[in-house]
Amino acid sequence: RSRYDAIKALNAEVVIISFGAEFWVKIWQEQTQAPFPLLLDQERQAYRAYGLERSVVRSWGLKNLGYYAKALLQGKRLQDSHGEDTNQLGGDFIIDSQGILQYVHPSRDPTDRPAVEALLAVLKGVGSRE
């Protein structure tokens, strides 16, 4: 969110795809103040198309539990999953204006996200080729 202006300056857009219930997704948007467009994919067609896995082991492994423990120790309030599938893993993808995947990062666990600087570097490269 803090680098959204830099992303927009590269003529790019961040789109979040969620399989969650619309009610809870709207609450999440309000709580996080995420300025990005959000699409609902309750049938998870995009998740399957991009090969995103479900994994109990990787969703609740030591790395993820450590992340939550650290957040709690820092006084952060954890979000309730509201019965949603917490085992569905996400990912980050960059698709150019021709619909070609330029960057693919399926998350190995819920905390596995690429650095924003790495995504910006890819976007800069894509922009220079188009």
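In this chain, numbering begins with 1 at the start of the sequence shown.
- Once rounded to the nearest 0.5 Å, the distance linking CD of Gln29 with CG of Leu38 reads 4.5 Å.
- With sequence neighbours excluded, the residues satisfying side chain to side chain donor-acceptor pair (under 3.5 Å) with Asn87 are Trp60.
- Here Glu117 pairs with Arg3 under the salt bridge (Lys or Arg N to Asp or Glu O under 4.0 Å) rule; sequence neighbours left out.
- Residues Ser18 and Leu39 fail the side-chain proximity criterion, which asks for heavy atoms closer than 4.5 Å.
- The side chain to side chain contact (heavy atoms under 4.5 Å, CB included) test applied to Leu10 returns Leu120, Leu123, Lys124, not counting sequence neighbours.
- Residue Leu40 comes nearest to Gly20 through the heavy atom pair CD2-O, 3.4 Å, listed as atom of the first residue, atom of the second, then distance.
- For Asp112, the side chain to side chain donor-acceptor pair (under 3.5 Å) partners two or more places apart in sequence, or in a different chain, are His105.
- Across every non-hydrogen atom of Phe93 and Val104, the tightest pair is CE2-CG1, 3.5 Å.
- Residues meeting the ring-ring contact (aromatic ring centres under 6.0 Å, His included) test with Tyr103, sequence neighbours left out: none.
- One hydrophobic cluster, built from ILVMFWY side chains closer than 4.5 Å, holds both Phe19 and Leu52.
- Residues Ile94 and Val116 share a single hydrophobic cluster, defined by chaining ILVMFWY side chains whose heavy atoms lie under 4.5 Å apart.
- For Ile95, the side chain to side chain contact (heavy atoms under 4.5 Å, CB included) partners are Tyr50, Leu101, not counting sequence neighbours.
- Counting non-hydrogen atoms of other residues, nucleotides and ligands closer than 6.0 Å to CD of Glu22 gives a total of 12 or fewer.
- Here Lys8 pairs with Tyr4, Glu13 under the side chain to side chain contact (heavy atoms under 4.5 Å, CB included) rule; sequence neighbours left out.
- Partners of Arg113 under the salt bridge (Lys or Arg N to Asp or Glu O under 4.0 Å) rule, at least two apart in sequence or in another chain, are Asp92.
- Counting heavy-atom neighbours within 6.0 Å of Gln74 CD, excluding the residue itself, gives a total above 12.
- In this structure the side chain of Ser55 reaches within 4.5 angstrom of the side chain of Leu89, judged on heavy atoms.
- Under 4.0 Å is where a charged nitrogen must lie from a carboxylate oxygen, and between Lys26 and Glu30 no such pair does.
- Annotation: side chain to side chain donor-acceptor pair (under 3.5 Å) contacts of Gln102 (sequence neighbours excluded): Asp96, Arg129.
- With sequence neighbours left out, the salt bridge (Lys or Arg N to Asp or Glu O under 4.0 Å) criterion links Arg54 to Asp85.
- Here the side chains of Ile16 and Trp28 are in contact, with some heavy-atom distance below 4.5 Å.
- Asp41 contributes atom CG, which lies 7.5 Å from atom CZ of Arg48 (distance to the nearest 0.5 angstrom).
- Applying the side chain to side chain donor-acceptor pair (under 3.5 Å) rule to Glu53 yields the partners Arg58; only residues at least two apart in sequence or on another chain are considered.
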